[in-house]
There are 2 protein chains.
Amino acid sequence: MGTTQLDTVPEPKYWHLKTVLAEALDSEFAVGEILPNERDLAARFGVARATLRQALEQLELEGRLQRRRGVGTTVAPPRVGVDVSASPYDWPGVAADSWQPTECTRAVPPAAVARHLESEPAEETHVVRRVRMGHGQSVAAELLYVPAASVPDLSGIDAPSGPALARSVLRELARLELEGQDRAVELGSAGAVDAKELDRLPGAPVLVVTTRYFSGGRTAAVSVATYRADTCRLTFGAHGDLEISHDDDRRRAS
Amino acid sequence: MGTTQLDTVPEPKYWHLKTVLAEALDSEFAVGEILPNERDLAARFGVARATLRQALEQLELEGRLQRRRGVGTTVAPPRVGVDVSASPYDWPGVAADSWQPTECTRAVPPAAVARHLESEPAEETHVVRRVRMGHGQSVAAELLYVPAASVPDLSGIDAPSGPALARSVLRELARLELEGQDRAVELGSAGAVDAKELDRLPGAPVLVVTTRYFSGGRTAAVSVATYRADTCRLTFGAHGDLEISHDDDRRRAS
DNA sequence: CAGTGGTCTAGACCACCGT
DNA sequence: CGGTGGTCTAGACCACTGT
């Protein structure tokens with residue numbers, strides 16, 4: 001029979017608002033255009049600001065709006081397709097990918113990561129910080145955990161803490177034979193540091209990509225990369241509007 | 001020089017709250033245990049309920065809490081690893097996967113999908129609805145768009161609208177030679193129907209997995225699967241806490 | 001039915017950005 | 001500085017769940 005019942009439930013205001021705004025976005029606004037401020041919008045729709053904000057939050061989550069404190073709310077461009085497929089036999093940092101190492105420290109990895117680095121209990125590892133650029137902005141922030149055992153020839157050198165050391169670690173890592181890798185994607189919220197790196201507020205929604213690199217029967221490194229969930233679409237394979245489509249303008253009505 | 005400045009900015013209350021609660025969750029609560037209700041919690045922490053809720057929302061987004069209207073807030077089990085890697089040369093519905101077809105209608109696909117079905121402009125396609133089960137609950141809801149051209153032998157049959165027809169479409173589809181597929185993952189929010197299917201409220205965060213199936217140089221089908229972002233971790237490859245860990249029955253409060 | 005989370009309001013103040 | 005979005009409050013009522 002199915003639910004022929006037409007759900008007489010009254011739609012929440014913010015949900016209806018979101019729908020109305022989404023339609024308006026499609027038909028009456030161009031990418032990059034700024035919307036009226038929240039107080040005006042709320043007044044125009046006859047709702048409290050909090051309610052209006054609930055609708056805006058949803059639209060931002062869906063990547064249709066972009067809000068910046070002190071500036072305003074703008075219509076976001078379509079999500080950027082970011083390739084995350086990487087051939088399963090390439091180490092990170094090979095050749096010229098879009099990642100840019102920014103720092104390298106030593107620290108004991110969080111429990112969730114340590115669990116993947118089977119052999120080691122609670123030991124310090126190298127931690128390489130990298131940022132992924134795309135379309136003129138930083139798109140992802142990564143922490144790459146590399147146990148000292150994976151880069152034995154680095155024990156002597158500790159001085160050049162920073163990008164230089166980061167590159168050294170990546171170089172040494174690439175000398176191992178990579179046997180395979182593993183990926184998982186989940187939703188998270190940006191911590192304070194990632195948020196700053198991604199130019200978002202703390203708590204912003206991110207897609208967390210955890211990658212394990214296998215070598216010598218062990219997990220030789222673990223990467224935790226956080227992608228801006230509002231602006232990114234992770235692609236596996238040649239999917240999507242590959243890289244940069246210089247021209248995409250849809251949405252133009254009137 | 002880097003920001004040695006210790007950021008004297010006062011942390012937002014809800015952010016601090018979230019941290020405190022997260023720690024309490026780790027140390028003082030078992031999976032499945034129910035928390036005090038929001039009004040009590042807010043009073044205990046000396047904040048307004050809205051503020052307390054902001055913290056809870058974040059924790060729910062991160063998959064650490066589960067809130068159900070009329071019931072209460074419980075400590076969520078660790079996220080379920082759901083394999084999404086599928087060998088690139090398998091059609092959906094082959095053998096016994098965890099998908100269960102529930103319906104099959106005909107409709108014109110949304111613009112975003114139609115764009116992937118290059119050849120066709122705004123034509124009707126078969127739309128197969130499937131639900132993916134896992135760990136005793138529905139974990140994902142899918143819409144599979146199959147242009148009539150991809151399943152030519154089905155033109156005569158229209159009667160058995162429902163699971164039977166759905167299975168027919170999948171069977172016919174599997175007769176084509178699959179040349180490859182494509183995946184993209186992005187954040188979205190559940191629509192009214194998906195929400196009901198996933199037992200969540202509308203607007204709940206979901207991971208949207210879009211898959212294109214290629215055959216005969218064309219896109220023979222497009223699948224849009226929405227996974228519960230709060231409870232799922234999408235895995236590519238053998239990653240993660242593989243399948244089912246048989247022992248997980250906590251949740252039993254007298 | 002009582003108790004829970006979900007929605008909504010009308011304010012207030014704060015942090016940030018551009019000028 | 002004025003204007004923006006971000007945080008917070010103290011209420012109110014609604015929708016849902018269990019018993």
Side-chain angles (χ1 to χ4, degrees), chain A residues 5 7-19 21 33-43 45-61 65-76 189-190 192 195-196 199-205 230, chain B residues 3 5 7-19 21 33-43 45-61 65-76 189-190 192 195-196 199-205 230 251 253-254:
Chain A
Q5 179 151 14
D7 275 36
T8 333
V9 294
E11 216 170 31
K13 270 189 190 175
Y14 78 92
W15 185 262
H16 182 242
L17 242 185
K18 176 196 148 186
T19 309
L21 285 171
E33 196 169 341
I34 63 190
L35 271 61
N37 72 57
E38 297 183 350
R39 289 161 181 88
D40 285 356
L41 273 181
F45 286 104
V47 300
R49 182 154 78 111
T51 305
L52 185 269
R53 278 179 60 80
Q54 220 175 330
L56 294 186
E57 267 153 34
Q58 284 249 355
L59 290 169
E60 191 179 29
L61 200 80
L65 289 181
Q66 194 162 344
R67 300 191 288 173
R68 270 176 307 167
R69 168 151 52 175
V71 179
T73 302
T74 62
V75 180
S189 51
K196 195 155 292 183
D199 190 33
R200 301 291 323 181
L201 290 179
D230 54 345
Chain B
T3 37
Q5 178 151 14
D7 275 36
T8 332
V9 293
E11 216 171 32
K13 269 188 192 176
Y14 78 91
W15 185 263
H16 182 242
L17 242 185
K18 176 195 147 187
T19 309
L21 286 170
E33 195 167 344
I34 62 191
L35 271 61
N37 71 56
E38 298 184 348
R39 289 161 180 88
D40 286 355
L41 273 181
F45 286 104
V47 300
R49 182 154 78 111
T51 305
L52 186 267
R53 278 179 61 81
Q54 221 175 328
L56 294 185
E57 267 154 33
Q58 284 251 353
L59 290 169
E60 192 179 27
L61 200 80
L65 288 182
Q66 193 163 344
R67 299 191 289 171
R68 271 176 307 167
R69 169 158 37 180
V71 180
T73 303
T74 61
V75 180
S189 51
K196 194 154 296 186
D199 189 35
R200 301 291 317 173
L201 290 180
D230 53 346
R251 67 194 73 202
S254 57

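The figures here come from the full heavy-atom set of this structure, side chains too, leaving out hydrogens, waters and symmetry mates. Computed from a predicted model, the values in this text were never measured in an experiment. Proteins come first, then strands; the chains are lettered A, B, ... in the order of their sequence lines, and each starts at number 1.
B:Arg68 has its CZ atom 12 Å from the C1' atom of D:dC16, to the nearest Å. Between the CZ atom of A:Arg200 and the P atom of C:dA15 there is a distance of 20 Å, given to the nearest Å. Rounded to an integer number of Å, the gap from NZ of B:Lys18 to C1' of D:dT7 is 16 Å. One atom, CG of B:Leu52, and another, C1' of C:dT7, lie 16 Å apart when rounded to the nearest Å. For the pair B:Tyr14 OH and D:dT7 P, the interatomic distance rounds to 4 Å; values are reported in whole Å.
Between A:Asn37 and D:dG3, a side-chain N or O to OP1/OP2 separation shorter than 4.0 Å is absent. Here B:Thr51 reaches the OP1 or OP2 of D:dT9: one of its side-chain N or O atoms lies under 4.0 Å away. The shortest distance between the side-chain N/O atoms of B:Thr73 and the OP1/OP2 oxygens of C:dG5 is below 4.0 Å.
Every side-chain contact (heavy atoms from CB on, under 4.5 Å) that A:Thr51 has, sequence neighbours left out, goes to A:Lys13, A:Tyr14, A:Val47, A:Ala48.
Rounding to the nearest 0.5 angstrom, the gap separating the CG atom in A:Leu61 from the CG atom in B:Leu61 is 7.5 Å. For the atom pair CG of B:Asp40 and CG of B:Leu52, the computed distance is 10.0 Å after rounding to the nearest 0.5 Å.
The listed nucleotides are C:dG5, C:dT9, D:dC8; the one nearest the side chain of B:Glu38 is C:dG5. Here the side chain of A:Arg67 is nearest to one of D:dG6, D:dT9, C:dG6, namely D:dG6. The listed nucleotides are D:dG5, C:dT7, C:dT9; the one nearest the side chain of A:Pro12 is C:dT7.
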Nucleotide N/O of nucleotides 12-14 of chain D paired with protein N/O under 3.5 Å:
| from | atom 1 | to | atom 2 | distance (Å) |
| --- | --- | --- | --- | --- |
| D:dA12 | N6 | B:Arg49 | NH2 | 3.4 |

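Using a 4.0 Å heavy-atom criterion, one finds that A:Leu201 contacts the sugar-phosphate atoms exclusively.
Around the CG atom of B:Asp199, the shell of radius 6.0 Å holds no more than 12 heavy atoms that belong to other residues, nucleotides or ligands. The neighbour count for A:Arg68 CZ, taken as heavy atoms of other residues, nucleotides or ligands under 6.0 Å away, does not exceed 12.
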Sequence neighbours excluded and cut-off under 3.5 Å, please list the side-chain donor-acceptor pairs for residues 53-60 of chain A, or say none.
| from | atom 1 | to | atom 2 | distance (Å) |
| --- | --- | --- | --- | --- |
| A:Arg53 | NH1 | A:Glu38 | OE1 | 3.2 |
| A:Arg53 | NH1 | A:Glu38 | OE2 | 3.0 |
| A:Gln58 | OE1 | A:Lys18 | NZ | 3.4 |
| A:Gln58 | OE1 | B:Ser189 | OG | 3.4 |
| A:Glu60 | OE1 | A:Arg67 | NE | 3.4 |
| A:Glu60 | OE2 | A:Arg67 | N | 3.3 |
| A:Glu60 | OE2 | A:Arg200 | NH2 | 3.1 |

